[in-house]
Amino acid sequence: MGLRFPVLLLTCIMPFVCFPALADSCGENCPPGQQESGSQDSVSPEARADESKITYLVKGLEGEIKENVEAYLSTLPDFRKVNFASSEEKILESVRNALKVFGYYSPKIELVFRKSTSAELTVKVSKGKPVFIRRSDIVVVGEALNDPLYMFGLSNIKLKSHTPFRHTDYEDVKSLLFSRALTMGYFDAHFISSSVIVNTDENTADIFLVLDSGHRYRYGKITFKGDSRYKDIIAPLITIKENDYFSMNRLSAMSGSLYDTGYFESAEVVPDISKSNNPENLDYVIPVDITLTRRKFNIVETGIGYATDEGLRGQVKWLMPLINEYGHSLNMQMKLSRIRQEALVRYTIPRKDPLKDYYYFQAQQAYDDINDTDSTIFEASAHYFSKLGRNWQYDTYVAFHTEDYKQGMESGYAQITGIGSSMTYLKFFPMQDPREGQRYMIRAFGASEHVGSDVTFLQLTGQIRWLFSPTQNSRFLLRFDEGVNISHDTSKIPPSYRFFTGGDTTIRGFGYKTLSETFSNGTLKGGRYLSVASAEIQIPVIEDLRQTLFIDAGNAPDKFEEDEVYIGVGTGVRCVTKIGLIKLDLGFGVSETSIPFHLHFGIGPDL
């Protein structure tokens with residue numbers, strides 16, 4: 001019993017004498033300030049790098065090829081540097097696959113870590129020689145082979161012999177062949193063969209594509225659903241008939257035309273494609289359902305905007321888009337701005353096609369207070385509108401016009417009864433931010449004292465707009481406006497039929513309608529003639545933003561030979577947005593001794 005205490009004491013102190021490291025390892029119970037001997041600070045930078053995730057730095061490539069390699073590498077799992085030996089082949093394979101997309105099958109690739117203390121892997125690539133197409137066999141069999149519309153669309157395919165091979169081009173051609181077949185009604189189309197054989201020794205590729213189009217389907221029964229009681233008024237817009245060859249483009253265009261009438265909240269034209277693979281469908285027909293949902297009887301729209309010519313402006317519209325089963329519609333609107341207040345009522349009656357052939361009757365009350373013009377106008381007119389083809393439209397009308405006015409040193413009251421006609425040609429491409437286009441407009445209006453007018457005159461006006469693009473993102477715009485009033489006494493013609501110029505769409509650098517013939521006291525009179533020309537170039541700055549440089553010139557005189565030409569030059573910007581083309585210009589009237597300048601703002605197409 002006398003030895004028990006020394007033995008116990010020795011048992012307690014032996015671990016600390018023989019294993020002093022245990023004395024320093026206190027784990028979670030360490031007093032404040034005391035650290036474990038195995039702490040992170042003792043781990044070397046190389047060891048930490050080994051446990052880090054590998055990142056990639058691609059060198060030797062540029063452009064879309066480099067971007068594609070980086071995209072492929074980004075899809076790899078999170079490899080650690082310590083396991084690089086087992087992951088190296090997967091990294092190399094990913095780079096090779098990315099290069100094959102662009103036709104590079106024999107690259108040289110070197111993988112090197114930037115330094116021993118880093119997990120950044122430098123991927124050095126020499127892409128080598130590209131593969132060239134040696135043979136390109138693209139064959140269409142079935143009914144499409146004898147369909148000129150289908151075959152014409154394939155005349156410019158990219159896969160030509162002796163050109164570089166790219167998998168993206170190959171997939172595009174496959175997609176074109178198949179999607180065009182479906183769009184034109186070859187619903188049983190399938191590839192009999194679709195392969196690419198690459199010879200890496202010779203850097204050549206042989207392409208074999210064989211599409212069997214099968215039969216072309218036709219339209220089957222056409223069924224109206226929803227608000228079908230209006231089908232008679234839209235009959236001219238139904239451009240398909242039973243047993244016509246199927247075309248998805250025709251269906252889309254027809255759906256768009258139905259919606260453009262303004263009659264319907266929705267107009268869905270849906271082919272029943274499920275019938276295409278039915279073995280019992282021996283006639284190869286596709287039924288079509290047309291579902292119509294009419295718009296509300298009353299629609300109220302409000303809007304507010306701003307333009308430097310008019311300042312702040314507001315608008316209220318009350319629409320009755322479909323009054324009855326004959327397609328009649330009513331449009332009432334009021335516009336208010338600093339210089340003009342206007343109320344208008346228009347009643348439209350379709351003749352045949354509600355989009356291309358109709359009558360409309362219009363009554364308008366307006367008050368103008370701008371510069372030296374103060375006039376109250378009432379006009380009632382009856383119009384016949386027609387549209388021929390896709391680009392031409394005509395408007396013929398009879399008008400009764402009264403105007404109580406004060407123009408500079410003159411004041412008076414005029415009553416005009418006459419007949420007019422306008423012809424417009426408009427073509428542009430593409431729909432959003434056009435790169436090219438033309439607009440031509442000719443208008444003639446004549447009034448005679450023999451039919452109740454206070455003055456006999458003939459007014460002729462014309463407009464020309466040319467838009468073209470020297471490069472993909474630049475624009476060049478030419479504009480011409482001409483006009484003349486032919487009369488034995490032009491002083492009796494009311495101000496709304498005289499010519500004024502200056503402003504956003506005519507001669508920038510001058511105020512809106514501030515240029516014309518003047519009275520002896522310098523106030524505006526309004527001219528007998530109008531002549532304006534403009535040239536404008538738009539230079540790309542960044543995507544959807546262009547800088548513009550322009551020169552405008554012209555005047556609205558009584559005699560050309562005695563009057564000067566006003567010239568405006570300046571610069572501005574064009575911004576393409578979802579609401580349209582936003583235009584901001586700063587113009588200087590350089591033809592004046594004291595050069596005026598104006599900031600011009602507007603929204604709308606150049607044409």
Side-chain angles (χ1 to χ4, degrees), residues 309 339 368-375 377 401 403 405-412 414 416 418 420 422 440-447 453-465 478-536 550-570 587-598 600:
D309 286 345
I339 63 175
D368 287 339
D369 181 10
I370 174 173
N371 302 324
D372 301 324
T373 304
D374 189 337
S375 65
I377 300 169
H401 177 104
E403 187 167 347
Y405 65 89
K406 180 179 180 182
Q407 180 64 50
M409 297 176 63
E410 290 182 345
S411 61
I416 304 295
S422 66
Y440 309 106
M441 190 279 290
I442 299 175
R443 177 179 173 272
F445 179 81
S453 290
D454 293 335
V455 59
T456 298
F457 72 98
L458 174 65
Q459 184 178 82
L460 302 174
T461 57
Q463 293 181 347
I464 296 176
R465 303 284 187 273
L478 289 175
R479 172 168 48 88
F480 301 94
D481 295 89
E482 298 292 333
V484 60
N485 280 323
I486 303 171
S487 176
H488 63 280
D489 188 359
T490 57
S491 64
K492 291 184 179 181
I493 298 176
S496 62
Y497 285 93
R498 302 177 190 177
F499 294 113
F500 300 83
T501 189
D504 295 356
T505 59
T506 54
I507 305 177
R508 288 161 286 189
F510 297 90
Y512 180 56
K513 291 188 175 182
T514 58
L515 305 177
S516 79
E517 185 73 27
T518 59
F519 291 105
S520 58
N521 66 351
T523 56
L524 297 173
K525 177 183 178 182
R528 180 178 183 179
Y529 300 98
L530 172 70
S531 185
V532 174
S534 174
E536 176 180 306
F550 62 84
I551 178 170
D552 305 331
N555 197 3
D558 274 346
K559 294 182 180 180
F560 275 115
E561 62 272 19
E562 296 180 3
D563 289 87
E564 63 181 336
V565 174
Y566 295 96
I567 300 174
V569 301
F588 297 87
V590 296
S591 57
E592 304 302 283
T593 304
S594 178
I595 298 177
F597 66 91
H598 281 264
H600 302 278

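No hydrogens, no waters, no symmetry mates; every other heavy atom, side chains included, goes into these values.
Annotation for Ile464: atom CD1 counts as buried by contact number, over 12 foreign heavy atoms lying within 6.0 Å.
Here the straight-line distance linking atom CD1 of Ile370 with atom OG of Ser375 works out to 10.0 Å at 0.5 Å rounding. To the nearest 0.5 Å, the span separating OG1 on Thr593 from CD1 on Ile595 amounts to 9.0 Å. Between Asn371 atom CG and Lys513 atom NZ the span is 9.5 Å, to the nearest 0.5 Å. Atom-to-atom distance recorded for Thr506:OG1 and Phe500:CZ is 12.5 Å, nearest 0.5 angstrom. The CG atom of Asp372 sits 5.0 Å away from atom OG1 of Thr523, with the distance rounded to the nearest 0.5 Å.
Partners of Asn485 under the side-chain hydrogen bond (donor to acceptor under 3.5 Å, both in side chains) rule, at least two apart in sequence or in another chain, are Gln459. Among residues two or more places apart in sequence or in another chain, the ring pair (Phe, Tyr, Trp, His ring centres under 6.0 Å) test is passed with Tyr405 by none. Applying the side chain to side chain contact (heavy atoms under 4.5 Å, CB included) criterion to Asp374, with sequence neighbours excluded, gives Tyr367, Lys406. Legend: residues meeting salt bridge (Lys or Arg N to Asp or Glu O under 4.0 Å) with Glu592, ordered by chain and number and at least two apart, are absent. For Thr505, there are no side-chain hydrogen bond (donor to acceptor under 3.5 Å, both in side chains) partners two or more places apart in sequence or in a different chain. With sequence neighbours excluded, the residues satisfying side chain to side chain contact (heavy atoms under 4.5 Å, CB included) with Val569 are Ile551, Ile567, Val590. Among residues two or more places apart in sequence or in another chain, the ring pair (Phe, Tyr, Trp, His ring centres under 6.0 Å) test is passed with Phe550 by none. Annotation: side-chain hydrogen bond (donor to acceptor under 3.5 Å, both in side chains) contacts of Glu403 (sequence neighbours excluded): His401, Ser496. Under the side-chain hydrogen bond (donor to acceptor under 3.5 Å, both in side chains) criterion, Ser422 pairs with no residue, sequence neighbours left out.
Judged by distance alone, the side chain of Arg479 and the main-chain N or O of Asp552 form no donor-acceptor pair under 3.5 Å. Between the side chain of Ser487 and the backbone N or O of Thr456, at least one donor-acceptor pair lies under 3.5 Å. A donor-acceptor pair is defined here as one N or O able to donate and one able to accept, closer than 3.5 Å; such a pair exists between the side chain of His600 and the backbone of Gly509.
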**Message:** Before you tell me yes or no, could you show the steps for Arg498 and Glu410 under salt bridge (Lys or Arg N to Asp or Glu O under 4.0 Å), namely the whole-Å CA-CA distance, both residues' side-chain angles and the distance that decides it to 0.1 Å?
**Reply:** CA-CA 13 Å; Arg498 302 177 190 177; Glu410 290 182 345; 2.9 Å; yes
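Considering all non-hydrogen atoms of both residues, Met409 and Ser520 come closest at SD-OG, 3.8 Å. When all heavy atoms are compared, the tightest approach of Gly527 to Ser516 is N-CB, 4.1 Å.
For residues 455-465, every residue pair satisfying the salt bridge (charged side-chain N to carboxylate O under 4.0 Å, His left out) rule, not counting sequence neighbours, is listed here: Arg465-Asp481. For residues 523-536, the pairs satisfying salt bridge (charged side-chain N to carboxylate O under 4.0 Å, His left out) are Arg508-Glu536, Lys525-Asp558, Glu536-Arg574, with sequence neighbours left out. Sorted by first and then second residue, the pairs that involve residues 504-532 and meet ring-ring contact (aromatic ring centres under 6.0 Å, His included), not counting sequence neighbours, are Phe510-Tyr566, Tyr529-Phe560.
No side-chain heavy atom of Glu482 sits less than 4.5 Å from a side-chain heavy atom of Leu530. Counting only heavy atoms from C-beta outward, the side chains of Phe445 and Leu460 never approach each other to under 4.5 Å. At a threshold of 4.5 Å between non-hydrogen side-chain atoms, the residues Asn555 and Val565 do not count as touching. Using a 4.5 Å heavy-atom cutoff, the side chains of Ile339 and Asp369 are not in contact. Inter-residue side-chain proximity for Gln407 and Leu524 is flagged as met; some heavy-atom pair is nearer than 4.5 Å. Within the 4.5 Å cutoff, side-chain heavy atoms of Ile507 are placed close to those of Val532.
When each of Asp489, Ile486, Ile416, Thr490 is paired with Phe457, the side-chain contact (heavy atoms from CB on, under 4.5 Å) condition holds for Ile416 and for no other.
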